[in-house]
Number of protein chains: 2
Amino acid sequence: MARESVDRREAILDSAASLFAQKGVAATTVRQIADEVGILSGSLYHHFDSKEAMVDEIISSYLEDLRTRYENVLKRETNPRDKLHDLVAASLEVVEAHPHATEIYQNNVNYLLQLDRFSYLRSAGKQVQNSWLQVIEEGIAEGAFRADLDPKILYRLIRDAVWLSVRWFKPSKDYPIASLAEDCTSLFLDGLTTTRA
Amino acid sequence: MARESVDRREAILDSAASLFAQKGVAATTVRQIADEVGILSGSLYHHFDSKEAMVDEIISSYLEDLRTRYENVLKRETNPRDKLHDLVAASLEVVEAHPHATEIYQNNVNYLLQLDRFSYLRSAGKQVQNSWLQVIEEGIAEGAFRADLDPKILYRLIRDAVWLSVRWFKPSKDYPIASLAEDCTSLFLDGLTTTRA
DNA sequence: GTCTATAAGTCGATAGAC
DNA sequence: GTCTATCGACTTATAGAC
């Protein structure tokens with residue numbers, strides 16, 4: 001593949017991702033994407049089969065990156081506390097690397113799951129859940145984490161807090177992604193209260 | 001207004017809310033709404049001016065309920081810990097009372113904010129943020145809450161965890177909304193760790 | 001209050017010239 | 001690889017009969 005066409009594809013995907021994230025997948029038209037790139041809508045179909053194919057490519061490379069990073073975290077031999085931190089940090093790194101894809105996923109899962117093409121999102125979601133549950137349940141079994149809270153509920157609360165940061169977090173030199181990961185982990189592990197009993 | 005037409009309006013709004021929540025606002029057509037109600041799409045316009053008008057009515061009655069409940073929580077004279085719990089509980093009660101509206105808001109804010117009609121969502125969001133910040137900052141000032149975490153970041157993490165529960169939480173007799181509110185508050189206040197130093 | 005019928009526009013996608 | 005030109009389907013919304 002020629003160098004220019006690779007860049008062209010990427011440029012189209014970038015514009016598409018930005019629009020999908022901003023307006024939603026269903027509300028974004030192929031004409032709007034073409035306008036952003038500076039070509040006509042028909043020309044998009046030289047590069048992609050359909051609008052859905054663009055979404056698919058954006059989402060699946062995002063999920064693949066996520067899967068790899070979670071795998072790396074899970075194979076480390078650390079205590080539950082550090083492992084939870086690493087899972088939070090890995091998630092936030094993926095948010096930073098794929099902000100548009102993260103937002104597209106968060107806002108459009110329901111819509112995408114209606115389409116046969118995206119049924120794989122179900123198993124991808126389960127795989128993510130299993131990673132978190134593994135860490136949480138290990139922490140409880142070792143006595144490091146409280147046993148009075150349902151692991152699945154803990155997972156969902158933490159997951160949503162972490163992933164939705166894509167909607168508001170803008171990394172800066174003063175407050176980079178690693179700092180948010182620290183604060184996040186500290187809140188979930190130690191809580192908001194200063195003193196206890 | 002005749003009794004039947006009130007019920008009819010409500011029935012239409014219920015069907016619309018269910019579809020908007022499930023598929024997204026942009027991806028839901030007026031024909032689908034009419035099908036669910038059992039009438040033809042043209043007949044909807046006897047009851048509502050437009051599809052946007054339906055969304056507007058769903059969202060604004062949801063936000064009005066939320067505003068009232070937060071107001072009641074804030075005027076109670078309780079300690080920061082209880083006040084945070086009450087804010088979480090009030091939010092979850094609103095989730096229970098308006099599950100569709102909550103989900104519509106969460107998944108479609110970006111899309112709705114593009115439309116002039118929904119610019120009021122901006123100030124509504126700020127009002128919600130102020131309620132939470134008031135409680136968090138009071139807790140820090142009184143020494144009940146940690147001072148090393150940015151209140152705005154705390155607010156956003158807690159907010160997203162609480163509101164996104166609409167995507168997965170189904171209240172039951174064994175685990176009602178009040179129990180989730182307890183667990184949620186306990187996690188944020190006391191953390192996941194069993195022992196400390 | 002719901003129907004029939006349709007206007008007026010936009011949608012995703014295609015065919016073929018260049 | 002982008003253009004011109006367009007198809008057919010689908011969209012929101014309206015007008016007027018019943």
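Proteins come first, then strands; the chains are lettered A, B, ... in the order of their sequence lines, and each starts at number 1.
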Donor-acceptor contact present, side-chain Arg156(B) to main-chain Phe169(A), <3.5 Å = no

Closest-nucleotide 5' rank along DNA chain D - winner of Thr29(B) and Ser43(A) | Ser43(A)

Taking atom [atom2] of [N] as reference, at what distance in whole Å does atom [atom1] of [X] sit?
{"X": "Asp56(A)", "N": "dG12(C)", "atom1": "CG", "atom2": "P", "value": "17 Å"}
{"X": "Lys51(B)", "N": "dC10(D)", "atom1": "NZ", "atom2": "P", "value": "16 Å"}
{"X": "Asp35(B)", "N": "dC10(D)", "atom1": "CG", "atom2": "C1'", "value": "14 Å"}
{"X": "Lys23(B)", "N": "dC10(D)", "atom1": "NZ", "atom2": "P", "value": "13 Å"}
{"X": "Leu44(A)", "N": "dA15(C)", "atom1": "CG", "atom2": "P", "value": "17 Å"}
{"X": "Phe48(A)", "N": "dG12(C)", "atom1": "CZ", "atom2": "C1'", "value": "16 Å"}
{"X": "Ile12(B)", "N": "dG1(C)", "atom1": "CD1", "atom2": "P", "value": "10 Å"}

Quickly, which of Lys23(A), Gln22(A), Glu103(A) forms a side chain to side chain donor-acceptor pair (under 3.5 Å) with Asn110(B)? Name it, please.
-> Glu103(A)

From the options dC3(C), dA13(D), dT12(D), select the nucleotide whose nearest atom is closest to the side chain of Leu40(B).
-> dC3(C)

OP1, OP2 of dA13(C) versus side-chain N and O of Tyr45(A): anything below 4.0 Å?
-> yes

Quick one: is dT2(D) close enough that its OP1 or OP2 comes under 4.0 Å of any side-chain N or O from Arg8(A)?
-> yes

Could you check whether Ile39(B) gets within reach of a base, just the sugar-phosphate, or nothing at all, counting any heavy atom under 4.0 Å?
-> sugar-phosphate

Mapping Gly42(A) and Ala27(A) onto DNA chain C by nearest heavy atom, which one lands closer to the 5' end?
-> Ala27(A)

5' precedence on DNA chain C between Glu52(A) and His46(B) (nearest-nucleotide basis) = His46(B)

Please say whether more than 12 non-hydrogen atoms of neighbouring residues, nucleotides or ligands are located less than 6.0 Å from CG in Asp148(A).
-> yes

Do Leu40(B) and Met54(B) sit in the same hydrophobic cluster, where Ile, Leu, Val, Met, Phe, Trp and Tyr count as joined when their side-chain heavy atoms come under 4.5 Å apart?
-> no

Would you state whether a donor and an acceptor, one from the side chain of Arg31(A) and one from the base of dG12(C), lie under 3.5 Å apart?
-> yes

Basic-acidic side-chain contact under 4.0 Å: Glu71(A), Lys75(A) = no

